[in-house]
Amino acid sequence: MAKTSLIALVSLAVCISSAHAAVAPGPTKFKVEGRVYCDTCRVEFETKLSQPISGAVVNLECRNRTDGAVTYKSPEVTTSKEGGYSIDVEGDYEDSDCDVTLVKSPRADCSDPTEDWRKARVVLTALDGISGNVRYANNLGFKKKEALPECKKVLTEMGYYELKEELGHEAAP
Ligand SMILES: *[C@@H]1O[C@H](CO)[C@@H](O)[C@H](O)[C@H]1NC(C)=O
């Protein structure tokens, strides 16, 4: 008898929750994913010599675009062996600017947050036409204290020095 009423109760609960799910869409949930690298060439972008950093700490913060108030702050998240992280976010942040930010590096030789590569903007709203709940953030990087000797060759292959020269000419009066 007790068993029967328990089953009835469970079925009722299942009915209510599925009816509820059908009527009101659940809260929006996002998964923000990205990677943290060591910028071994001190150039603030990824090269083939960049190394994933395991154990780096990042967090995600959203701020109201109008008044700058914090609308969401994630716990600090640590990168995996491959340097990747995943942050779960609940809610829709259409009116906020959301950024993943570097917090801490476990590597003493690679712990300067880069200027251009320390923050990654992510769009966390279902209203932007992007389907799916996984949002990929641009990679982030800490700068190595001293560039690796192989950097010159790799950067030359990438056309970095030519680019720098071009910009230099343009910037010259
Ligand atoms: C953002 O700030 C504006 C101005 O203070 C306010 O009207 C609005 O409700 C805020 N939005 C959120 C999502 O907090």
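- Side-chain atoms of L49 and C151, non-hydrogen and from C-beta on, do get closer than 4.5 Å to each other.
- Expressed to the nearest 0.5 Å, how far SG of C38 lies from CG of D109 amounts to 6.0 Å.
- Applying the 6.0 Å contact sphere to CD of E44 captures more than 12 heavy atoms from other residues, nucleotides or ligands.
- Between the R135 side chain and the V123 main chain, a donor and an acceptor come within less than 3.5 Å of each other.
- In this structure a side-chain-to-backbone donor-acceptor pair under 3.5 Å is present from K145 to A108.
- Taking the side chain as every heavy atom from C-beta outward, V154 and K48 approach each other to under 4.5 Å.
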Inset, instruction - In sequence, state the C-alpha distance, the side-chain angles, and the governing distance for R107 and Q51, and then conclude on side chain to side chain contact (heavy atoms under 4.5 Å, CB included). - result: CA-CA 11 Å; R107 282 180 56 173; Q51 300 159 347; 2.9 Å; yes

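- Under a 3.5 Å cut-off, the side chain of D39 and the backbone N or O of V43 do form a donor-acceptor pair.
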Legend entry - Worked check of side chain to side chain contact (heavy atoms under 4.5 Å, CB included) between V36 and Y85: CA-CA 8 Å; V36 177; Y85 63 82; 4.3 Å; yes

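- Closest approach of S105 and C110 over heavy atoms only: OG-O, 2.7 Å.
- The aromatic rings of Y93 and Y72 lie tilted to each other, with the angle between the two planes from 30° to 60°.
- A continuous path of hydrophobic side-chain contacts links L102 to V77 [ILVMFWY only; heavy atoms under 4.5 Å].
- Of the inter-residue distances, the one linking I53 atom CD1 with S80 atom OG reads 12.0 Å to the nearest 0.5 angstrom.
- Taking the side chain as every heavy atom from C-beta outward, K29 and D88 never approach each other to under 4.5 Å.
- Counting only heavy atoms from C-beta outward, the side chains of E33 and V134 approach each other to under 4.5 Å.
- Side chains of S96 and N64: no donor on one and acceptor on the other come within 3.5 Å.
- Criterion: ILVMFWY side-chain heavy atoms under 4.5 Å apart, direct or through other members. Under it, W117 and V32 are not part of a common hydrophobic cluster.
- In summary, the aromatic rings of Y37 and F45 are positioned with their centroids too far apart to meet the 6.0 Å limit.
- Residues E61 and S74 fail the side-chain proximity criterion, which asks for heavy atoms closer than 4.5 Å.
- Two residues are said to be in side-chain contact when any heavy atoms from C-beta on lie closer than 4.5 Å; L140 and V58 meet this criterion.
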Inset, instruction - Under the side chain to side chain contact (heavy atoms under 4.5 Å, CB included) rule, what do K31 and N133 come out as? Steps first, then yes or no, please. - result: CA-CA 6 Å; K31 210 177 250 302; N133 288 48; 5.7 Å; no

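- Ion pairing between R121 and D97 holds under the 4.0 Å rule for side-chain N and carboxylate O.
- In terms of heavy atoms, A126 sits closest to T28 at CB-CG2, 4.4 Å.
- Once rounded to the nearest 0.5 Å, the distance linking SG of C41 with NZ of K144 reads 9.5 Å.
- The closest side-chain heavy-atom distance from D92 to L124 is not below 4.5 Å.
- Note that OG1 of T71 and CD of E94 are 12.0 Å apart. Values are rounded to the nearest 0.5 Å.
- What you find for V103 and E76 is that their closest heavy atoms are CG1-OE2, 3.5 Å.
- Judged purely by atom type and a 3.5 angstrom limit, R35 has no side-chain atom pairing as donor or acceptor with the backbone of P52.
- The environment of NZ in K104 is sparse: at most 12 heavy-atom neighbours from other residues, nucleotides or ligands sit within 6.0 Å.
- Proximity of M158 to T47: side-chain heavy atoms (C-beta onward) are separated by under 4.5 Å at one or more points.
- When hydrophobic clusters are built by joining Ile, Leu, Val, Met, Phe, Trp and Tyr residues whose side-chain heavy atoms come closer than 4.5 Å, directly or via intermediates, V57 is not grouped with V100.
- Side-chain contact annotation: S54 with T79, donor-acceptor N/O pair under 3.5 Å absent.
- The pair D95-R65 does not count as a salt bridge, with every side-chain nitrogen at least 4.0 angstrom from each carboxylate oxygen.
- Checked by atom type, the side-chain pair E46/N139 shows a donor-acceptor distance below 3.5 Å.
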